[in-house]
Amino acid sequence: MGGDDKRMKLGEKIKDTKQNGLYIECKLLGDGSDENPFHPEVFETYKGYYHLDSRDIDYTNKKVKIWVAKKSTPTAELNKIKNDSKITKIKETNNGSVV
Amino acid sequence: MAMFVQTITAAQVLAGLTTDTTKWAGANIANLDQAISTTDTNLTTDIKKTIYLDTTTTWDENADGSLTYRINQYPFFNGTYYMKTECTSTGSSGDNVQFKPLAEDANNYIIMSVRGDNGQDSPRVIKKQAAANTTLLTSGVTTDTSEHEHKFTRDGMGNFELFLDGVSKGTCNEEFTPVGNYAEIALVASAGNSVFDIKEIWAEMIKE
């Protein structure tokens with residue numbers, strides 16, 4: 001499952017992340033330059049396993065929605081993400097059901 | 001459409017980038033397997049090609065000092081891109097090795113970048129669209145001086161996955177598809193103060 005299961009096809013792995021994940025919104029940092037590309041703030045702050053759909057990047061408002069794979073993200077990091085007041089929790093899923 | 005397969009079975013040394021330290025500071029290339037090409041005459045709907053770089057590789061020297069090897073036979077995009085590197089000495093600037101599987105021009109492409117500058121995450125997958133860069137995937141691991149395997153894949157659905165030392169570091173879906181004018185591998189040494197050993201570098205690319 002998630003990041004460590006090499007047998008799972010890529011599409012299935014992404015589906016699993018969305019069925020057992022935390023969908024969040026955070027700041028989009030960076031200025032788009034070679035030295036400082038646009039990137040989700042969580043890339044800097046938490047060592048999670050993420051899935052990013054590029055259509056979820058809002059360049060105008062400098063925000064980005066991103067999935068955190070609960071199975072592949074260390075529990076301590078996942079709890080920090082959940083408790084970070086600067087991160088908006090959109091939804092959380094367990095086995096495909098919204099919790 | 002005919003299928004073309006180039007497979008690698010034996011050994012070869014990939015070297016010769018160490019003499020001009022102003023261009024690439026100490027890119028000592030370790031022994032690699034020798035490329036032996038074969039052509040598979042079976043017909044399929046895809047063209048599949050595996051490349052390996054060796055001592056005969058001709059690198060293009062660019063005005064900014066970077067070196068590129070252009071893979072221009074086909075506009076590849078889907079496939080697997082792999083590099084094994086050891087950054088024996090990190091530096092303060094942005095030296096890096098870039099795998100650029102498909103590029104439209106200098107302002108529109110997608111790359112995997114392996115960096116040698118201090119404190120930077122490596123590897124990353126970066127999209128450059130209309131001259132603006134976006135990090136799509138990052139290992140979350142800071143550059144160090146150990147040997148590492150870097151790999152990323154793209155399937156036919158626009159899904160990417162990044163691996164570091166055989167472990168997936170994340171996935172993304174990217175709708176942007178540059179018009180396929182060329183693919184290339186680039187060695188970018190901005191100030192020459194980090195040192196890379198490129199131990200192995202290959203790509204298995206499939207034309208859509």
Side-chain angles (χ1 to χ4, degrees), chain A residues 1-18 20-21 26-60 62-69 71-74 77 80-81, chain B residues 64 66 78-80 92-94 96 98 106-107 109-111 113 115 117 119-121 124-142 151-177 186 188 190:
Chain A
M1 299 293 177
D4 295 329
D5 191 339
K6 297 171 184 172
R7 295 167 300 176
M8 188 179 287
K9 290 183 178 178
L10 181 48
E12 294 172 350
K13 193 176 292 186
I14 293 169
K15 183 179 178 181
D16 187 70
T17 296
K18 293 183 177 180
N20 295 280
C26 66
K27 288 182 182 177
L28 182 69
L29 303 180
D31 58 14
S33 65
D34 290 345
E35 296 75 23
N36 190 19
F38 293 116
H39 59 279
E41 185 176 31
V42 288
F43 280 0
E44 289 187 0
T45 50
Y46 300 115
K47 305 297 185 188
Y49 185 92
Y50 302 107
H51 170 77
L52 173 63
D53 287 323
S54 65
R55 58 181 173 274
D56 281 345
I57 302 172
D58 182 348
Y59 292 98
T60 303
K62 297 292 174 61
K63 291 182 177 180
V64 55
K65 295 171 185 170
I66 191 168
W67 283 93
V68 185
K71 293 178 181 176
S72 303
T73 297
E77 293 296 294
K80 289 177 186 175
I81 294 170
Chain B
D64 62 1
S66 64
N78 296 334
T80 301
S92 59
S93 60
N96 60 85
Q98 299 175 351
N107 292 320
Y109 54 74
I110 291 175
I111 62 168
S113 174
R115 305 184 65 93
D117 42 344
Q120 296 291 328
D121 286 356
R124 307 177 201 172
V125 173
I126 295 173
K127 169 183 71 170
K128 190 167 192 175
Q129 183 175 13
N133 293 275
T134 302
T135 301
L136 301 175
L137 291 164
T138 182
S139 66
V141 176
T142 304
K151 186 175 80 173
F152 84 107
T153 64
R154 182 184 189 270
D155 68 13
M157 305 297 289
N159 297 318
F160 289 81
E161 185 171 17
L162 178 68
F163 296 85
L164 176 63
D165 297 326
V167 177
S168 176
K169 306 305 288 185
T171 59
C172 75
N173 182 272
E174 175 51 65
E175 296 174 339
F176 170 59
T177 302
V188 182
S190 60

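Lettering of chains follows the sequences in order, A, B, ..., and the numbering in each one begins at 1.
The backbone N or O of A:G11 lies less than 3.5 Å from no partner atom in the side chain of B:N159, so there is not a single donor-acceptor pair. Judged by distance alone, with hydrogens and angles left aside, the side-chain atoms of B:K169 form no donor-acceptor pair with the main-chain N or O of A:Y49 at under 3.5 Å.
Residue contact with chain B, scored on non-hydrogen atoms closer than 4.5 Å, is absent for A:Y46. Using a 4.5 Å cut-off between heavy atoms, A:L28 does not touch chain B at all. Only the backbone of A:Y50 has a heavy atom closer than 4.5 Å to any heavy atom of chain B.
Taking CD of B:Q129 as the reference point, atom CZ of A:F38 lies at 11.5 Å (rounded to 0.5 Å). Atom CZ in B:R154 sits 10.5 Å away from atom CG in A:L10 (nearest 0.5 Å). Distance check: B:S168 OG to A:K13 NZ gives 4.0 Å after rounding to the nearest 0.5 Å. The structure places CD1 of A:I57 at 5.0 Å from NZ of B:K127, a figure rounded to the nearest 0.5 Å. In this structure, B:D121 CG and A:K47 NZ are separated by 5.0 Å, a value rounded to the nearest 0.5 Å. If you take CG on B:L137 and NE2 on A:H39, they are separated by 14.0 Å, rounding to the nearest 0.5 Å.
A:P37 places none of its side-chain heavy atoms less than 4.5 Å from the side chain of B:T134. Contact check for B:N173 versus A:R55: side-chain heavy atoms found under the 4.5 Å cut-off. Residues B:T135 and A:F43 meet the side-chain proximity criterion, which asks for heavy atoms closer than 4.5 Å.
At most 12 non-hydrogen atoms from other residues, nucleotides or ligands lie less than 6.0 angstrom from NZ of A:K27.
For the pair A:D34 and B:K128, the salt-bridge criterion is met [side-chain N within less than 4.0 Å of a carboxylate O].
Residue A:L52 is tested with B:V125, B:L136, B:T171 for a side-chain contact (heavy atoms from CB on, under 4.5 Å); the sole match is B:L136.
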